Amino acid sequence: MEQYIRQALLEAAPSLFGTAISDSLIQFQLTRRDMEGDLTLVVFPFVKILRCSPQEAGEKLKNWIEQNIAGVSHCIVVNGFLNIVLQKSYWINALNQMQQNAQFGLQSPNSKPTIMVEYSSPNTNKPLHLGHLRNNFLGYSVAEILKANGHKVVRTQVINDRGIHICKSMLAWEKFSPLNENGERETPANTGLKGDKLVGKYYVAFDKALQAEAKTIMQNWQAGNFEDTPAAIQEAVLNFEQAKLGKDEKAQAAIDDKIKELAKNQTSILREAKDMLVKWEARDPQVYLLWTTMNGWVYAGFDQTYNKMGVSFDKLYYESDTFLLGKDQVMQGLASGVFYQKPDGSVWIDLSAEGLDEKLVLRSDGTAVYMTQDIGTAIDRFADYPDLHGMVYTVGNEQDYHFKVLFLILKKLGYTWADNCFHLSYGMVDLPSGKMKSREGTVVDADDLIDEVTLTAKEMTQERGHLEGLSEQERETLYAQIGLGGLKYYLLKVDPKKRMLFNPEESIDLTGNTGPFIQYAHARISTLLAKANYQVQPLASSLDLKAEEQEIIKHLAIFPVTLEEAAKNYSPAVIANYIYELVKLYNTFYQSVKIIIEPDQELRQLRLTLSAVVQQTIAHGLKLLGIEAPQRM
RNA sequence: GGUCCCGUAGCUCAGCUGGAUAGAGCAACUGCCUUCUAAGCAGUAGGUCUUUGGUUCGAAUCCAAACGGGAUCACCA
């Protein structure tokens, strides 16, 4: 309708205004809920052209629209706004079309270019935590949203399965794992621990040992004992100590950190880890065996967690497979002059012309860094999927700079698709106590959280009791759907870009703007329709509509635009807010009118139809968020 | 220090490319289940949209600065 009036106005402009007008002059918005009207045309832009008061301009537009636009009942001019009231039959017809289209609002599948969406991308040395949950739910949901907008989507992740951090947990396991009576070190099988948890335990053990050894070295340095310390390091330490004199506490602490870094680099345990990395890159059989074994444990653990989370992937990339390609690319780029080499052999790119810094792309010892690997992975993906148009990287905003650099490098290497790469940058998740810090043990474990939320859902669902007739199996499924639904909704309803607060108590709330609130509305409608034995039937356009009913149809009508907006902004929050609003409107309606027990059959059918379309739209919306829509609860 | 992000009710968040009297939820208080699931609904109260300038018919929204918070500037990932 908006488009229709816009077009008509543009065509009629010369006779109406005496001149052609630009499209941007015609600004529509939805009429405020507390005013009469459906669509509002902003009058101010026309005032200049018509050289008259807003009131006069409004009157002129009012008369023209009332006489020339079919479907318009009448218009009201108020405060420089022209509120257009559509005929009731317009909304009945809209509802009729919605009920006949089970895919209402969705674009036809695979009608748009292929997009790859990357999310999760964990390290294989620690279990998934709350931050990963936001990441995974976001990525999964954005993939669903792009699909619903007609894109072909490939879900993927890159698994950071190599590098110094992986060697750390491997080494710690070899060094510190106790032997059992069979002479075996700890494994998931003989401890019953989940694989990712077991490996994470040794990653922590490594850090602890590293800290201890570094502390001893620093104490030696304090005491003036520089035995075993290279002269260059000794000099650096002494210089730092010198620099501390006369500085305030904060500056001194910063310098102490730098000294600590130096000490860590002098530890034997870190040297061993580095040696292991070199051996790994040389494919030392023993190191490789250990690596595949321990990674296998982690993957089994991750799979369990992904399963519980309800996320999945179409294709996996392993850093260990792509980093060599990355190195090749760097060498080629070096030859073509995109990169340059320093005397020590390290390879860099100079982005100072773009307002960025110089960035390392290959270490002096020839080993790959994160950037090397990311270059390789990106190129690999476009080679694997010839019709791939673009990529979405779901990665936290602490890596904004990294991705700016990555996309620039890819472009400089000559890959035009670099322009279609997008960093879906999301904010950190804070706890009421502040930031999550692994060292302080405040990290919220993903498995624990999911279990907790499911348990709470169970308790609360049993309290309300709408469970009669459900099997034990069905009940358990329902608890998980509600618990996880609440958690997902809680994490997705906030604009991804924004840093958010995670309050454990609120995340499992059932009332207000929550997942269960929306699921409940869905379940309530489902049982209602079943009881009423609802069948799709065209509605007579002569039916009258109550305000509550019309509000719902109006909101349903913007679902397609909302879905597009969510895709454009890569924002599940847009969908979450939309369905929340829809449910509130529906609940008001539900509470104020009779539906099944309405004696007038035409009215009853209208209200059932409205309920059915709302139910379908809630279900679609929840699916876009990766949330289940229970039939009853 | 350079660069980037953020600042809306006590708390958590909406507020589309500038538009009417800035909205929800939670927490507090009042009502509503012999009628379709009360995980609901209706209502009360709660605001200098951090501050100051600028742009204009009009600014929470755009621009600049200040203040406050965060991220990042590694041969870490």
Side-chain angles (χ1 to χ4, degrees), chain A residues 24 27 29-35 40 42-45 47-48 54 78-81 83 121 123 125 160 163-165 261 319 342 344-348 355-357 359-367 369-371 373-374 396-402 404 425 427-428 430 432 435 460-461 463-466 482 486 490 493-495 497-503 505-506 509-514 516-521 523-529 531-532 558 561-562 565 568-569 573-574 576-577 580-581 583-584 587-598 607 611 632-633:
Chain A
S24 61
Q27 296 171 26
Q29 54 190 288
L30 297 178
T31 305
R32 290 173 57 104
R33 200 154 279 152
D34 50 354
M35 313 282 274
T40 293
V42 185
V43 177
F44 292 106
V47 170
K48 271 186 195 161
V78 48
N79 295 335
F81 296 88
N83 295 339
S121 301
N123 288 335
N125 56 5
N160 297 298
I164 186 72
H165 52 293
E261 273 308 303
E319 190 184 329
K342 287 194 176 174
D344 63 3
S346 57
V347 180
W348 298 72
L356 307 174
D357 299 320
K359 189 85 188 171
L360 177 91
V361 291
L362 204 62
R363 291 196 189 99
S364 55
D365 65 1
T367 56
V369 289
Y370 188 44
M371 187 63 76
Q373 173 275 127
D374 257 354
N397 63 10
E398 76 272 18
Q399 295 194 34
D400 285 354
Y401 183 74
H402 172 81
K404 235 187 235 177
S425 162
M428 297 290 97
D430 287 328
K435 284 189 67 171
M460 298 195 150
T461 303
E463 243 173 66
R464 331 248 150 180
H466 299 291
I482 295 171
Y490 185 85
K493 73 176 174 186
V494 180
D495 184 340
K497 292 194 291 287
K498 291 193 176 169
R499 157 180 281 266
M500 68 173 291
L501 184 84
F502 180 83
N503 186 334
E505 280 152 37
E506 285 175 14
D509 257 0
L510 308 177
T511 59
N513 190 359
T514 63
F517 171 84
I518 291 163
Q519 290 175 314
Y520 179 72
R524 198 157 64 166
I525 299 172
S526 298
T527 48
L528 181 83
L529 293 175
K531 273 187 194 169
I558 62 169
V561 188
T562 306
E565 194 194 327
K568 199 180 83 193
N569 298 320
V574 170
N577 288 323
Y580 174 59
E581 194 59 38
V583 166
K584 275 201 302 181
N587 283 346
T588 299
F589 156 81
Y590 179 90
Q591 214 79 226
S592 66
V593 303
K594 293 172 180 160
I595 302 174
I596 298 184
I597 49 181
E598 167 61 48
R607 290 172 187 165
S611 301
R632 50 181 294 190
M633 64 187 271

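Every chain is numbered from 1 and lettered A, B, ... according to where its sequence line falls, protein lines coming before strand lines. Fair warning: this is a prediction, and the values are worked out from it, not measured in the lab.
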Kindly express the pairing pattern of RNA chain B in dot-bracket notation, using | wherever a base pairs with another strand and counting only Watson-Crick or G-U pairs under 3.5 Å. (((((((..((((.....[...)))).(((((.......))))).....(((((..]....))))))))))))....
Contact class for [X] (heavy atom, under 4.0 Å): base, sugar-phosphate, or nothing?
X	value
A/T588	sugar-phosphate
A/H165	sugar-phosphate
A/T514	nothing
A/Q399	base
A/R499	sugar-phosphate
A/V347	nothing
A/K497	nothing
A/N83	base
A/A532	nothing

Work out how far the [atom1] atom of [N] is from that of [M], and round it to whole angstrom.
N	M	atom1	result
B/U8	B/C76	P	39 Å
B/A24	B/G46	P	14 Å
B/U52	B/A59	C1'	15 Å
B/U12	B/C73	C1'	32 Å
B/G10	B/G47	P	6 Å
B/U56	B/G18	P	15 Å
B/A9	B/A14	C1'	13 Å
B/C57	B/G31	C1'	45 Å

For the [atom1] atom of [X] and the [atom2] atom of [Y], what is their distance to the nearest 0.5 Å?
X	Y	atom1	atom2	answer
A/N125	A/I164	CG	CD1	11.0 Å
A/D509	A/T514	CG	OG1	7.0 Å
A/Y590	A/S611	OH	OG	9.0 Å
A/I525	A/N587	CD1	CG	8.0 Å
A/T40	A/N83	OG1	CG	3.5 Å
A/M633	A/I482	CE	CD1	4.0 Å

d([atom1], [X]; [atom2], [N]) in whole Å:
X	N	atom1	atom2	result
A/L510	B/G25	CG	P	16 Å
A/I595	B/C41	CD1	P	14 Å
A/D357	B/U72	CG	C1'	10 Å
A/E506	B/G25	CD	C1'	9 Å
A/N513	B/C26	CG	C1'	10 Å
A/N160	B/C76	CG	C1'	12 Å
A/D495	B/C6	CG	C1'	11 Å
A/Q591	B/C41	CD	P	7 Å

I'd like to know if A/N587 reaches the base of B/A39 with its side chain such that a donor and an acceptor end up less than 3.5 angstrom apart. no
Please confirm whether any donor atom in the side chain of A/T40 sits under 3.5 Å from an acceptor in the base of B/A20, or the reverse. yes
For [X] and [Y], indicate whether the former's side chain and the latter's backbone hold a donor-acceptor pair under 3.5 Å.
X	Y	result
A/R607	A/K594	yes
A/S346	A/K342	no
A/N503	A/E505	yes

Compare the ring of A/F44 with the six-membered ring in the base of B/G58 and state whether they stack (centres under 5.5 Å, planes under 30°). no
Can you tell me if A/F81 is stacked onto the base of B/A20, using a 5.5 Å centroid cut-off and an angle below 30°? yes
Does [X] place a side-chain N or O at less than 4.0 Å from the phosphate oxygens OP1/OP2 of [N]?
X	N	result
A/Y520	B/A39	yes
A/K584	B/C41	no
A/R363	B/C76	yes

Nearest to side-chain heavy atoms of [X], which nucleotide of [options]:
X	options	answer
A/K404	B/A39, B/C76, B/C4	B/C4
A/R524	B/A20, B/G40, B/A77	B/G40
A/M500	B/C76, B/C13, B/U37	B/C13
A/L501	B/U12, B/A39, B/C36	B/U12
A/K594	B/C57, B/U35, B/G40	B/U35
A/Q27	B/C36, B/A77, B/G19	B/G19
A/I597	B/C36, B/C13, B/A39	B/C36
A/R632	B/A39, B/A77, B/U37	B/U37
A/M35	B/U72, B/A20, B/A39	B/A20

Closer to the 5' end of RNA chain B via nearest nucleotide, is it A/T31 or A/Y580? A/T31
Please tell me which of A/K498 and A/T511 maps to the more 5' nucleotide of RNA chain B, matching each residue to the nucleotide holding its nearest heavy atom. A/K498
Anti or syn - B/C6, cut at 90° from 0: anti
Should the ring pair A/Y520 and A/H466 be called parallel, tilted or perpendicular, given that the plane angle runs from 0 to 90° and is split at 30 and 60? tilted
